[in-house]
Chemist: 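So that we are looking at the same thing, I have put the structure below in structure tokens.
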Amino acid sequence: MLVIDPDECIDCAVCIPECPVNAIYAEEDLPANQIAFIKINAELALADGWKSITKRKPALPDAEEWKDKTDKIGELVR
């Protein structure tokens, strides 16, 4: 999982089409079942160990396994 620092985001929307699993939404388009991720994203963006990404990286090895799973909040390790 990647997070976007809401204090650094300039709402340019460039990240939305770049996400390979369509997991990024403009706030006004966020599905109701994803609202909890607003708070989680903000918390994790400031947490120790979550570093800014400055270059494109390949998907994680298990990305395909996770991309279609739903109800992943219980799986999140902080």
Side-chain angles (χ1 to χ4, degrees):
M1 176 175 172
L2 301 176
V3 297
I4 299 170
D5 186 334
D7 293 332
E8 291 188 25
C9 177
I10 59 169
D11 295 324
C12 68
V14 170
C15 60
I16 295 171
E18 290 297 318
C19 180
V21 295
N22 301 315
I24 302 173
Y25 298 90
E27 194 166 346
E28 62 272 8
D29 297 330
L30 187 66
N33 68 344
Q34 301 292 310
I35 290 175
F37 282 103
I38 293 173
K39 183 178 178 184
I40 292 169
N41 180 78
E43 289 173 5
L44 293 178
L46 300 175
D48 290 338
W50 290 77
K51 307 290 185 222
S52 293
I53 296 173
T54 58
K55 296 181 194 174
R56 180 183 285 264
K57 294 182 176 187
L60 295 172
D62 60 351
E64 281 295 313
E65 175 186 337
W66 285 96
K67 76 174 193 168
D68 295 320
K69 287 189 179 184
T70 58
D71 301 319
K72 295 185 250 189
I73 289 179
E75 303 285 337
L76 181 62
V77 177
R78 296 181 190 210

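Residue numbers run from 1 in the order of the sequence given.
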Chemist: Do you know which two heavy atoms are closest between K67 and K72, and how far apart they sit?
Modeler: O-NZ, 4.4 Å
Chemist: Might you point out which heavy atoms bring N22 and Y25 nearest each other, and give the distance in Å?
Modeler: O-OH, 3.7 Å
Chemist: Does the side chain of E27 reach to within under 4.5 Å of the side chain of I38, using non-hydrogen atoms?
Modeler: yes
Chemist: In terms of hydrophobic clustering (I, L, V, M, F, W, Y; side-chain heavy atoms under 4.5 Å; direct or indirect links), are W50 and I73 co-clustered?
Modeler: yes
Chemist: Is it the case that atom CD in E43 sees more than 12 heavy atoms from other parts of the structure closer than 6.0 Å?
Modeler: yes
Chemist: Could you measure the distance from the CG atom of L2 to the CG atom of L60? Nearest 0.5 Å is fine.
Modeler: 7.0 Å
Chemist: Which pair of non-hydrogen atoms, one from I35 and one from L30, has the smallest distance, and what is that distance?
Modeler: CA-CD2, 3.8 Å
Chemist: Could you tell me whether the side chain of I16 reaches within less than 4.5 Å of the side chain of D29, counting heavy atoms only?
Modeler: no
Chemist: What pair of heavy atoms forms the shortest contact from I4 to C15, and how long is it?
Modeler: CD1-SG, 3.8 Å
Chemist: Does a sphere of radius 6.0 Å around NZ in K57 hold more than 12 heavy atoms from other residues, nucleotides or ligands, not counting ones at 6.0 Å or beyond?
Modeler: no
Chemist: Within the supplied structure, the quantity of interest is the number of heavy atoms (other residues, nucleotides, ligands) at a distance under 6.0 Å from N33 CG; does it exceed 12?
Modeler: yes
Chemist: Check whether any side-chain heavy atom of V3 sits under 4.5 Å from a side-chain heavy atom of F37, and report yes or no.
Modeler: no
Chemist: Any sub-3.5 Å donor-acceptor pair from D5's side-chain atoms to A45's backbone N or O?
Modeler: no
Chemist: Can you see which heavy atom on E18 is nearest to which on V14, and at what distance?
Modeler: CG-O, 3.3 Å
Chemist: State, to 0.1 Å, how close A13 and P17 come at their nearest heavy-atom pair, and which atoms those are.
Modeler: O-CD, 3.2 Å
